[in-house]
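One structure is given here, and the rest of the page talks about it.
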Amino acid sequence: MPELPEVETTRRGLEPHAAGRRIAAVHVYDPRLRWPVPGSLPKVAAGRLIDRIERRSKYLLFRLGDDSLLVHFGMTGSLRVYDSPPARQTHDHVDIVLDSGVTLRYHDPRRFGAVLWVRGPPEAHPLLAALGPEPFDPAFDADYLWRATRRRTAAIKPALMDSRLVVGVGNIYASESLFRAGIRPTTPAQRLSRMRLGRLVDQVRATLGDAIAKGGSTLRDYVDTAGEPGYFQLDYFVYGREGQPCRVCGAAIISVRQGGRATSYCRRCQC
DNA sequence: AGGAAAACCTGCGTGC
DNA sequence: TGCACGCAGGTTTTCC
């Protein structure tokens, strides 16, 4: 499900309901996620004031004074807002009940996501400590990407999906950004010029920005906090379009596998 | 050290 | 209708 645009869309949907409210109760219905939801969570979270909700990479961070509630959506996680929650369904894992009466419900069929309690500065947490820059951080620029890829013999597409290099870019948005930048996904990263990497930086930002503006992408299960889908999938140039004509040149989009993931691209537009 | 592959899960579409 | 298989938005872990 969620790459950066979907997580950011979720964050924006949660913020007005959650910021400035206190957690009245946490119910853990099924702790089985990537790591078990801590049994102590209901006790430590109850009564805490949510200052704000931040996003780092694809993680959501509910900031509660010096501590944080960290949420990741894996492939199929979602967090929805309910004024009065419906009966619990299969794969509903956690409810966060706010003092306003609103319930935030975490749902995750494949259980690759996480709900963890983090004490102290979240940037020091092992999951966040080694992350590269945010795509919209000015530090992510042509010079940075050029220097960071000089010893990378791997193809640019898996490199772009490496969170040590830059965060938030998953399989969909890596493919779409490379199309927009006119770069073939199989090109060894170290062979790309500074100028072309600069173009890639620009197109990563443009692609993510456009996707956020459309509420993210909904392929199967992603819905926002109100249960609404995103619409950016309608704007895809290459992802999931193998065999179909390129929207720019008409050539058939082809698909290859890189690091176990499907990559689609246009042979004519991407060199 | 970098990189590829396996591992963690459930659900759905396809083809026999 | 049923079953086997492949594949899916992520990221950690393992192995070369």
Side-chain angles (χ1 to χ4, degrees), chain A residues 1-11 29-37 55-60 70-79 89-93 106-116 125-132 135 147-178 185-191 204 207-208 211-212 214-224 229-236 238-243 255-264:
Chain A
M1 182 252 283
E3 301 186 30
L4 186 151
E6 292 75 29
V7 179
E8 179 61 22
T9 299
T10 299
R11 190 196 69 76
Y29 303 117
D30 183 353
R32 298 175 304 159
L33 293 175
R34 179 171 193 87
W35 299 280
V37 180
R55 180 191 55 72
R56 172 71 171 117
S57 182
K58 298 168 188 168
Y59 297 91
L60 283 184
L70 176 153
V71 176
H72 194 279
F73 295 127
M75 294 276 255
T76 54
S78 63
L79 201 47
Q89 301 193 346
T90 310
H91 307 312
D92 286 343
H93 286 80
Y106 184 88
H107 178 88
D108 187 0
R110 285 178 76 182
R111 298 198 263 123
F112 287 165
V115 177
L116 297 172
H125 190 277
L127 288 173
L128 306 183
L131 293 176
R147 278 194 294 263
T149 50
R150 288 314 85 197
R151 278 172 192 74
R152 293 257 183 171
T153 56
I156 185 62
K157 196 253 193 173
L160 196 56
M161 293 172 64
D162 182 345
S163 62
R164 294 168 303 180
L165 209 62
V166 62
V167 301
V169 185
N171 205 32
I172 295 173
Y173 298 106
S175 300
E176 293 298 316
S177 301
L178 285 162
T186 52
T187 309
Q190 63 184 180
R191 294 235 316 262
V204 165
T207 303
L208 295 174
I212 292 168
K214 298 263 173 126
S217 300
T218 296
L219 299 180
R220 276 166 289 276
D221 14 42
Y222 171 72
V223 288
D224 68 13
Y231 294 95
F232 189 68
Q233 68 280 6
L234 302 174
D235 292 352
Y236 290 172
V238 290
Y239 183 85
R241 295 195 68 247
E242 49 273 18
S255 181
V256 297
R257 283 196 89 77
Q258 291 181 289
R261 315 297 296 275
T263 300
S264 42

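Chain letters run A, B, ... following the sequence lines, proteins first, then strands; residues in each count from 1. Note that the structure is a prediction, hence the values are computed from the model and not measured.
For A:T153, taking side-chain heavy atoms from C-beta onward, the closest of the listed nucleotides B:dG2, C:dG10, C:dG9 is B:dG2. The side chain of A:L219 approaches C:dG9 more closely than any other nucleotide in the set C:dT11, C:dG9, B:dG11. Across C:dG10, B:dT10, C:dT12, the shortest atom-to-atom separation from the side chain of A:H91 is found for B:dT10. For A:R110, whose side chain is taken as the heavy atoms from C-beta onward, the closest listed nucleotide among C:dC7, B:dT10, C:dT12 is B:dT10. Distance from the side chain of A:P109 is smallest to B:dG11 among B:dG11, C:dG9, C:dT11. Nearest to the side-chain atoms of A:A262 among the listed nucleotides B:dA4, B:dC8, C:dA8 stands C:dA8.
Rounded to the nearest Å, the gap between the P atom of B:dA6 and that of C:dG6 is 13 Å.
Shown here, C:dC7 forms a base pair with B:dG11; the pair counts as Watson-Crick or G-U wobble because both key distances fall under 3.5 Å.
With no hydrogens or angles considered, a side-chain donor-acceptor pair links A:S217 and A:Y173 at under 3.5 Å.
Comparing A:L127 and A:R261, the nucleotide of DNA chain C nearest to each residue sits closer to the 5' end for A:R261.
Within 4.0 Å of A:F232, counting heavy atoms only, lies no atom of the nucleic acid at all. Among the protein residues, A:R152 comes within range of the sugar-phosphate backbone only, with heavy atoms under 4.0 Å from sugar or phosphate atoms but none that close to a base. Looking at heavy-atom distances under 4.0 Å, A:R257 makes contact with sugar-phosphate atoms alone, never a base. Here A:G170 lies in heavy-atom contact (under 4.0 Å) with sugar-phosphate atoms only.
Ring-plane geometry between A:Y106 and A:F73 is classed as parallel, the angle between the planes falling under 30 degrees on a 0 to 90 degree scale with a further cut at 60. Using cut-offs of 30° and 60° for the angle between ring planes, the A:Y236 and A:F232 rings count as perpendicular.
Between the side chain of A:R111 and the base of B:dT10, no donor-acceptor pair of N or O atoms lies under 3.5 Å.
In this structure the side chain of A:Y59 never reaches within 4.5 angstrom of the side chain of A:V167, judged on heavy atoms.
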